[in-house]
Amino acid sequence: MRNDQQLLTWLPRLRRYARALVNDRDDADDLVQDTLERAWAKSGLWGGVADMRAWLFSIMHNLHVDGVRRPRLHTVTMDDDTPEVPVAARQGERLAVLDLQAALDLLPVQQKEVLLLVALEDMAYADVAQALGIPIGTVMSRLSRGRERLRGLMEGRAEPVHLKVVK
């Protein structure tokens, strides 16, 4: 498979991860476009890339971190022609997804990134470590703390409950 075709095979997963990471379709599409643009500009390095997926997610991670650090003005487009969103028949499922997204948004960025790469993208810990440029032990630690915090938030606790040893 040619490298440019290999690059395009990862497009759906890049888009899915970006949407989960930034929680905005337009911003996610911009992040994917910036990632592909950066990867294409560095196409001379493709021969030395052992794992295209990890390399692309690494580029996306770095672009996202740069974007978070950069102050940004959020705007809302308002017009009278915007159609109303129809209500889905399965409102309970939709509410659960919204609750999960809200809880994910409350996680620290480092935990959220690791959690999404492992759970959503099904990446191995070593691949996550490579993509984010952190040790594998840090991946496991952030994943554990992120899962516990997410569980606590989904159960309505502000902070995770830690077991106390009773003597």
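Every heavy atom of this structure was used, including side-chain atoms; hydrogens, water molecules and symmetry mates were not.
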>> With salt bridge (Lys or Arg N to Asp or Glu O under 4.0 Å) as the rule and sequence neighbours excluded, what pairs involving residues 43-56 come up?
In response: R53-D127
> Which heavy-atom pair separates R149 from P108 by the least distance, and what is that distance?
Replying inline: NH1-CD, 3.4 Å
> Any ion pair linking R145 and E148 (charged N to carboxylate O, less than 4.0 Å)?
Replying inline: no
> Got a sec, which pairs hit salt bridge (Lys or Arg N to Asp or Glu O under 4.0 Å) with one end in residues 98-125, sequence neighbours left out?
Replying inline: R13-E121, R16-E121, D105-K112
>> Check this for me, if you would: do D29 and R19 make a salt bridge, where the nitrogen-to-carboxylate-oxygen distance has to be below 4.0 angstrom?
In response: yes
> Which atoms form the tightest heavy-atom contact between M123 and V128, and what is the distance?
Replying inline: CB-CG2, 3.7 Å
> Looking at CZ of R15 and CD of Q33, how far apart are the two atoms once the value is rounded to the nearest 0.5 Å?
Replying inline: 10.0 Å
>> Side chains of R147 and V118, heavy atoms from C-beta outward: is any pair under 4.5 Å?
In response: yes
> Could you walk me through whether D34 and I59 pass the side-chain contact (heavy atoms from CB on, under 4.5 Å) check?
Replying inline: CA-CA 9 Å; D34 292 345; I59 291 172; over 6 Å; no
>> Looking at every heavy atom in both V114 and V139, which two are closest together, and how far apart are they?
In response: CG1-O, 3.6 Å
> Between A129 and P135, which heavy-atom pair has the shortest distance, and what is it?
Replying inline: CB-C, 4.1 Å
>> For the CD atom of Q111 and the CG atom of L116, what is their distance to the nearest 0.5 Å?
In response: 11.5 Å
> Got L132 and L117 here, is their nearest side-chain heavy-atom distance under 4.5 Å?
Replying inline: yes
>> Within this structure, what is the CG-CG distance for the pair L63 and D30, rounded to the nearest 0.5 Å?
In response: 11.5 Å
> Okay, side chain of T35, backbone of L31: is any donor-acceptor separation there less than 3.5 Å?
Replying inline: yes
>> Using side-chain contact (heavy atoms from CB on, under 4.5 Å), reason through K42 and W55 one step at a time and then give a plain yes or no.
In response: CA-CA 11 Å; K42 301 199 180 279; W55 186 65; 4.2 Å; yes
>> Please determine whether side-chain contact (heavy atoms from CB on, under 4.5 Å) holds for the pair L104 and N23, giving the CA-CA distance in whole Å, both sets of side-chain angles, and the decisive distance to 0.1 Å.
In response: CA-CA 10 Å; L104 280 169; N23 196 25; over 6 Å; no
> Could you state the interatomic distance from CD1 (I136) to OG (S141), rounded to the nearest 0.5 Å?
Replying inline: 12.5 Å
> To the nearest 0.5 Å, what is the distance between OG1 (T9) and CG (L56)?
Replying inline: 8.5 Å
> Roughly how far apart are L153 CG and R151 CZ, rounded to 0.5 Å?
Replying inline: 11.0 Å
> Which pairs pass salt bridge (Lys or Arg N to Asp or Glu O under 4.0 Å) with one or both residues in residues 135-144, sequence neighbours excluded?
Replying inline: none
> For L120 and A20, which heavy atoms make the closest approach, and how far apart are they?
Replying inline: CD2-CB, 3.5 Å
